[in-house]
Amino acid sequence: MAAITVSDRPHDIDFEFVYRFLSEESVWAVGIGRDTQQRAIESSLCLNAFVDKQQVGFARVVTDYATFAWVDDVFVDPDYRGQHVAHELMLAIMQHAALGSVASWWLSSSNPDARALFEKHGFERPDTDRLAKLMARPKLKPEFYKE
């Protein structure tokens, strides 16, 4: 198994790799516009996983860097799945110095394999009291995300 490195430097992101996967292969962001995805990346803490200098994974954290963080867009190139890439991305997120004071962590996933990974990093179903406080607007139609 090749060595995995993780970077949080914005200039390390292979935008074409990230955009192609999210807009064409992900379940949650298919059809997202290029400009929308660019703004999402620019407004978030992004972690990028590399094997031999090739980007093979990505995760995005929407955060205020003080109290709240939402983990989003976690994915690994299908050719590198099962090689602990997602684990290394999550480890880098949970140990990131800029997120040390965050107490409220959230994410959403319907993928059983991803949920098992997230559980290994301390995520669990919210208790009923916390869940009862959670509110959401209905998801906007896909055309909202297009430029």
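Model, not experiment: these values are computed from the prediction.
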Taking only residues two or more places apart in sequence or in another chain, which ones pass ring-ring contact (aromatic ring centres under 6.0 Å, His included) with Phe21?
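Per chain and number, Phe21 pairs via ring-ring contact (aromatic ring centres under 6.0 Å, His included) with Phe75.
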For His96, all residues meeting ring-ring contact (aromatic ring centres under 6.0 Å, His included), sequence neighbours excluded:
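With neighbours one apart ignored, the set is empty.
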Side chains of [X] and [Y] in contact at under 4.5 Å (non-hydrogen atoms):
| X | Y | value |
| --- | --- | --- |
| Ile13 | Ile41 | yes |
| Tyr65 | Val102 | no |
| Tyr80 | Gln55 | no |

Apply side-chain hydrogen bond (donor to acceptor under 3.5 Å, both in side chains) to Glu25 and list each qualifying residue two or more places apart in sequence or on a separate chain.
Arg20
With side-chain contact (heavy atoms from CB on, under 4.5 Å) as the criterion, how do Ser44 and Val61 come out once you've worked through the C-alpha distance, each side chain's angles and the decisive distance to 0.1 Å?
CA-CA 6 Å; Ser44 304; Val61 183; 5.9 Å; no
Shared hydrophobic cluster, [X] / [Y] (ILVMFWY, side-chain heavy atoms < 4.5 Å):
| X | Y | value |
| --- | --- | --- |
| Trp105 | Leu107 | yes |
| Val56 | Leu91 | no |
| Val6 | Phe50 | no |
| Val62 | Ile32 | no |

[X] and [Y]: which non-hydrogen atoms are nearest, and at how many Å?
| X | Y | answer |
| --- | --- | --- |
| Leu47 | Ala92 | CD1-CB, 4.0 Å |
| Val85 | Gly57 | CG1-CA, 4.3 Å |
| Ala66 | Ser101 | O-OG, 2.6 Å |

Which pairs would a plain distance check flag for residues 123-134, meaning a side-chain donor or acceptor within less than 3.5 Å of a matching protein atom at least two apart in sequence or in another chain?
unit_1, atom_1, unit_2, atom_2, d
Asp127, OD1, Asp129, N, 3.1
Asp127, OD1, Arg130, N, 2.7
Arg130, NH2, Ser104, OG, 3.2

When rounded to the nearest 0.5 angstrom, what distance separates [atom1] in [X] from [atom2] in [Y]?
| X | Y | atom1 | atom2 | value |
| --- | --- | --- | --- | --- |
| Ile4 | Leu89 | CD1 | CG | 8.5 Å |
| Phe68 | Leu99 | CZ | CG | 12.0 Å |
| Gln38 | Phe15 | CD | CZ | 4.5 Å |
| Leu45 | Ile93 | CG | CD1 | 7.5 Å |
| Met90 | His121 | CE | NE2 | 6.0 Å |
| Asp12 | Cys46 | CG | SG | 11.5 Å |

Applying side-chain contact (heavy atoms from CB on, under 4.5 Å), run through Thr63 and Trp70 and close with a yes or a no.
CA-CA 6 Å; Thr63 183; Trp70 180 278; over 6 Å; no
In chain order, what residues pass the side chain to side chain contact (heavy atoms under 4.5 Å, CB included) check against Asp73, with sequence neighbours excluded?
Leu22, Trp28, Gln37, Phe58, Arg60
Under the salt bridge (Lys or Arg N to Asp or Glu O under 4.0 Å) rule, what pairs show up with a residue in residues 76-96, not counting sequence neighbours?
none
Check the angle between the aromatic planes of His84 and His87 and answer parallel, tilted or perpendicular using the 30° and 60° thresholds.
perpendicular
Step by step, work out the side-chain contact (heavy atoms from CB on, under 4.5 Å) result for Val30 and Glu24.
CA-CA 5 Å; Val30 167; Glu24 297 175 12; over 6 Å; no
More than 12 non-hydrogen atoms from neighbouring residues, nucleotides or ligands closer than 6.0 Å to CG on Asp52, yes or no?
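For Asp52, atom CG is not crowded (no more than 12 foreign heavy atoms under 6.0 Å).
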